[in-house]
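All chains are named by letter (A, B, ...) in the order of the sequence lines, taking the proteins before the strands, and each is independently numbered beginning at 1.
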Amino acid sequence: MTDHVIETRALTKRYGAKLALDALDLSIAAGRIHAIVGANGAGKSTLFRILLGFLPPTSGSARILGRDSQQLTPADRGRIGFVNEEHTLPGWMRVSAVAAMQRRQYPRWNPRAYEEVIGHYHVLPEQKVGQLSRGERAGFNLALTLAQGPELLVLDEPTLGLDVVAKRAFLESLMYSSAAESCTVIYCSHQMEEIERVAENLIILERGRLAHMSAPEEFCARVTHWVADIPFAGPPPASVPGLLQVQRIDGLHHYLVLDQHDDFAQFLRGAGARTVQSMPVSLDRAVNGFLAKNHAMPAAA
Amino acid sequence: MRDLFKAELLRFRGWALGALAVHLLVLAFLARVVDLAQQPVLVYRVFGGVDVLAGLLLGLYQMGSYRRPNTWLNLLHRPLAPARIAAALLGAGLAWLAVAVALPVLLIGAYQAGLTARVVDLRHWLLPLAAWLLAACGYVAGACCMLGPARRAIAALVLLVALATNQASGVWALLVQTLALAWLAAMLLASFKPDLSAAPRSPLATVLLAVPLQAGVYLLILLLEFGGQMVWIMQGSHPNNTETPPPGGQNETERMTPQQRMLAGLAVSRAPQAPTWREQVALSEVVSIEPALSGLPVRGALTNAAPVDFDDTAQNVRWTFSHDRMRLVGYRIAGGRGVGTLGVGTTNGAFPAPAVAIAALPGQPKDDRGLIAGNRLYHYISESRQILPRIQLPPGEWLLGTTPVGENLAVQSDRALYFYDGRDIVASEAPLRPRERMPLPGAVGDLRDLDLIELVDGYLVSASFTTYAWVMDGTAPYQTLTWVHDDGRVEEVARRAIAFDYPAWFRYQAWWPSPALYALRHAVTGLFARPDPLQATTPAPLPRGIRWLAGGLMLASLLAALWLVRRRELSLPAKAAWVIVCGVIGLPALASLWLLYPACEAGRLTMHAQPAI
C-alpha cells in the first residue's frame, strides 16, 4: 500500500462551461476513515468517477492506490470497494447467489467479514435482492463490499434515502466491522451526524476545490458562534471578519464566524454590543455555515 | 464471467420462455395453414424483420438497464476485464435468442420433416441459424446503440441495413450475417469500457467505429435526398407525377401504349418499309413480351425468389421443387399423403436448375404446365405424370418466359428473343428448334418494354431501355426497332435516343456525396452474391460536371478536416490520417470525424489525452 491512497494534482474537470473540479490538489493518507463533504455540485461524485476511471479528467492527474486512475486494471479494481447510494444489485437474483458470485470473483473474499455485516440485518439467503428493503439492500451491499477485502473502500452517500433505524444499522455494521478497520475508508455524505460518528479526517470540497482538511474536532474549533446584544442595526456584514452566517433572533445578533478568537468580542463591542457571548458549535452547524458562506445567490439578493 | 452469464440467463428466463411459447404458437398455427418452407421471399423478409426487431429491443433494454452511471459503475468496477463482462452479458442474450428465435423454427422444421410429406431441404434446416444470426445482429446493434453516444447510433444500425440489402443467398448469406455479427460484436467490445463517451483509442477500434459511421452518414444523406424527392413529388413537378410527361423523355416512353411506342420508334426509321409498317402497327395487335421470372431461383437459397410449387388439381397433387433432390416432390392436396418424386423424362432425371412452373404452352391441355429451369423449358404432362424437355437455349442463357404470338411462340432469355413454330408444340413432344433468334439490343436490366408485331415476312420488335434511366446504373435511354426476317436475318431499322427526365445531379445523387462509399455500398450489396443476370445494365458515361461536383466536395472535406483536426485532441499521425480519409471519402468522413471526436473542453490540456490512432 502506498502512503496515499488518493492523490490528485491540479485535477480539473469541465462540463462545457461548468467547472466541476477546479485544479484540485488532494492527498488522502492510507488508513482511517476520511469523510468528504460538500454541497451539491461541489464535485464529489465527479471526483469518484474520475478516480475509478469512469470519467477522463479535463486536465491534471488522479492516482488511486498509486495507479493512474485512467489505467486501472481488473486487479486494481479488486482492491477498491465502491458503494453508491443506489445500491445497484441484480434484483432478480437470490441473496445467496449474489454472494456466491462475488465470492468467486474476488480472490480475497472474506466470509467472516460478510457474516459480520450481514448479521446486522434480517436478510435470508433465499430472498431475492429485489424483495429486500432499501436498508437491507444497503447492508447487503456493504457486506458484499467489505467481504471483497478491499484496501480502499469508497462509500458515496450510502445512507441516502434510508430511515433512521436503517442508517444506524448501516453505520454500526461499518464501524464494528473488522474488515473496515483494515482498510482506508472514504465516506461521502451530507449527514453530519454520521460524519461526526465515523470520520477521523474531514475533507470539505467547495466548488471543485479543496476548502478544508483536518480532524473534525479541529474544524469545529475553527468555527465559533457569537451572540451579541446590539441595539439598532449591527455592523455591515461585509465588515464582519470571518463571517459565515448572521441571524437576528429575538433582538439578538447571532454570528457564526471562522477563525475568530477573543478579539472578535472586541470587534462586536466596538460595533455597539452591550453583551457578547461565544459558544462552540456542532460539526453539523459548522459545516453547514461554512458551506452556506459561498452558496450561489441571485445577483439581486 | 460464468457467474455473470448465469445471472443474466436467470434475468431473462421468463421473457425468453414466454417469447419461445408465443413464437412456437404462431409458427405452429401458420404451419397448419400453409407450407412455411415454400413461402415467397416477402414472408421470410417479414419474419427476418421481426427477428431483427426482437433482438434490437432486447439489446436496447438489456444495455439500457446498465447504461445509468451508477449501474454501469457497479457492473464494470470488479476484478474482471470489461471484455469478459461484455462476453458474459452478450452470451446470455444470444443464448436466449437461440431459444426464443431459432428453436421454434427448428421444431417446426422437424414437424414438417417428420410428420408431413412436405419438402424440407437442407436449406430449410439452415433457417433457424439464419433467424438466430439476424436476431443476434439486431441484438448486438441495439446494445451498441445504447452503449455508445447517441450521435454514433447510426453506425450500428447501418450494418442492419447492409444485411437487408445484401444479395447473397444460401450459406453465403449466412456468412454475410456472421461477418456483420462479428463486426457488431467488435464494435460493442470497443465501446464496452468505463468511460462510455470516450472516443476510440486504438487504430483498430477507430476503424471499426468510423467505417460504419461513415456509411451511416452516407445513408442519412441518401435519406435526405429521398425526402427532397418526396417534397418534389408533393410540389407536383416531379417527372413521374406531372400530368403530361416531359416530351421525348423516359417517362413519356414508359407511359405510351405498345402501339404508340412502336409508332414513336418508326417515326425515326429511315427504312423504306417504315410507312407500310406504320400502317400495319395501327391495324395489328401489338404483343408485349412479359418475362415470367422477375428473379432467378438459386439452388440452396434460403428464400424463394420464385414460386417453388404448383397444384395439379386434376390429379389432386401439389408438386414442390426440392433443392436437395433437384426434382419435384408431390403430395395429395387433400390428405397430404406423399406421392413420390418426379424428375425429367422416363429416367426421372434431375433438373439442371431449380424449376419454376408457368402456364402451359399454347395448345397443351389446361392441367399441364411449363417448367422453366435455367436455360430449359419442360412440359409437365398431368395425365401421364411426365416431364419432358421442350426447349433448350444455349448454355449460359437464362430462359425468362414464353409469350404466344399468333400461332407461334416467343421465348425471352436474358440475352435474346427466340421464335418457335406453334405447330411444333402440339405436333409431338420432341424438343423444339427456334426459327429465329434476335439478340437483345441492350442489357436485359435496362430493358423495360419489349413489344412486337407480326409481319408478313417476320417480326418487327421494339425494345426500349429505360428501366434505370433515373439512376446512374442505367444506360442512356433509347429505343430500337428490329426487323426479324423469316429467314433468320436480324436487321435494326430504327434507333431512337430518349432524353433523361432527371438532371444529372439527381441521377448521380448516390455517387457524388462520396464515390468511395458508393463503391463500398456496391461491394457490400454484392458481397458473396452471385451476380444477378437480370440486373445487368450498361451504365451511361459519368458526366464531367458530376465528377467536378464530387471532386469539389472531396476537396472541401479535406480543407474542413484540416481546420477541424487542429481543434481536436489527436496525435499528428491521426490528424494526417483523418485529413487524407476526409479527402478520399468526402463529407461522410468529415461528419464521422466530428461525431467521433466532439469539441475539446475549453482549457483542456493535452497531458491526459489518449492517442486516437
Taking every non-hydrogen atom, the tightest pair across [X] and [Y]:
{"X": "B:L4", "Y": "A:M101", "answer": "N-SD, 4.0 Å"}
{"X": "A:P74", "Y": "B:L80", "answer": "CB-N, 3.7 Å"}
{"X": "A:F82", "Y": "B:L73", "answer": "CD2-CD2, 3.2 Å"}
{"X": "A:Y106", "Y": "B:H77", "answer": "OH-O, 3.6 Å"}
{"X": "A:Q105", "Y": "B:R78", "answer": "OE1-NH1, 2.8 Å"}
{"X": "B:P79", "Y": "A:G78", "answer": "CB-CA, 4.0 Å"}

Can you confirm whether more than 12 heavy atoms, excluding those of [X], are under 6.0 Å from its [atom1] atom?
{"X": "B:R67", "atom1": "CZ", "result": "yes"}
{"X": "A:R112", "atom1": "CZ", "result": "no"}
{"X": "B:W594", "atom1": "CH2", "result": "no"}
{"X": "B:R84", "atom1": "CZ", "result": "no"}
{"X": "B:F5", "atom1": "CZ", "result": "yes"}

Exercise for review: Count the heavy-atom pairs under 4.5 Å between each of A:L55, A:L52, A:D156 and chain B, then report the option with the highest count.
Suggested key: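 The option with the most such pairs is A:L52.
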**Study point:** Residue, of A:R104, A:M93, A:Q102, A:Q148, that accumulates the most heavy atom pairs under 4.5 Å with chain B
**Key:**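 Most pairs with chain B among the choices: A:R104.
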Practice item. Examine whether an atom of A:L72 lies under 4.5 Å from a heavy atom of chain B, and if so say whether it belongs to the side chain, the backbone or both; otherwise answer neither. Key: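 A:L72 has no heavy atom closer than 4.5 Å to chain B.
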Review point. Relative to chain A, which of B:R2, B:E8, B:R68 shows the most heavy atom pairs under 4.5 Å?
Key: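 Sorted descending by pairs with chain A, the first entry is B:R68.
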Check your understanding: Hey, which of B:D3, B:T71, B:L196 has the most heavy atom pairs under 4.5 Å with chain A?
Key ->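 If we count pairs closer than 4.5 Å to chain A, B:D3 comes out on top.
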In terms of heavy-atom proximity below 4.5 Å to chain A, should [X] be classed as side chain, backbone, both, or neither?
{"X": "B:L76", "result": "both"}
{"X": "B:Y66", "result": "side chain"}
{"X": "B:A81", "result": "both"}
{"X": "B:R13", "result": "neither"}

Exercise for review: For B:N70 and A:E86, indicate whether the former's side chain and the latter's backbone hold a donor-acceptor pair under 3.5 Å.
Suggested key: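 No, because the side chain of B:N70 does not come within donor-acceptor range (under 3.5 Å) of the backbone of A:E86.
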**Study point:** Polar side-chain atom of A:W92 near backbone of B:A7 as donor-acceptor pair, under 3.5 Å
**Key:**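 It does hold such a pair.
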Practice item. Kindly compute the distance separating CD1 (A:I50) from CG (B:D195), expressed to the nearest 0.5 Å. Key: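 The distance works out to 10.0 Å.
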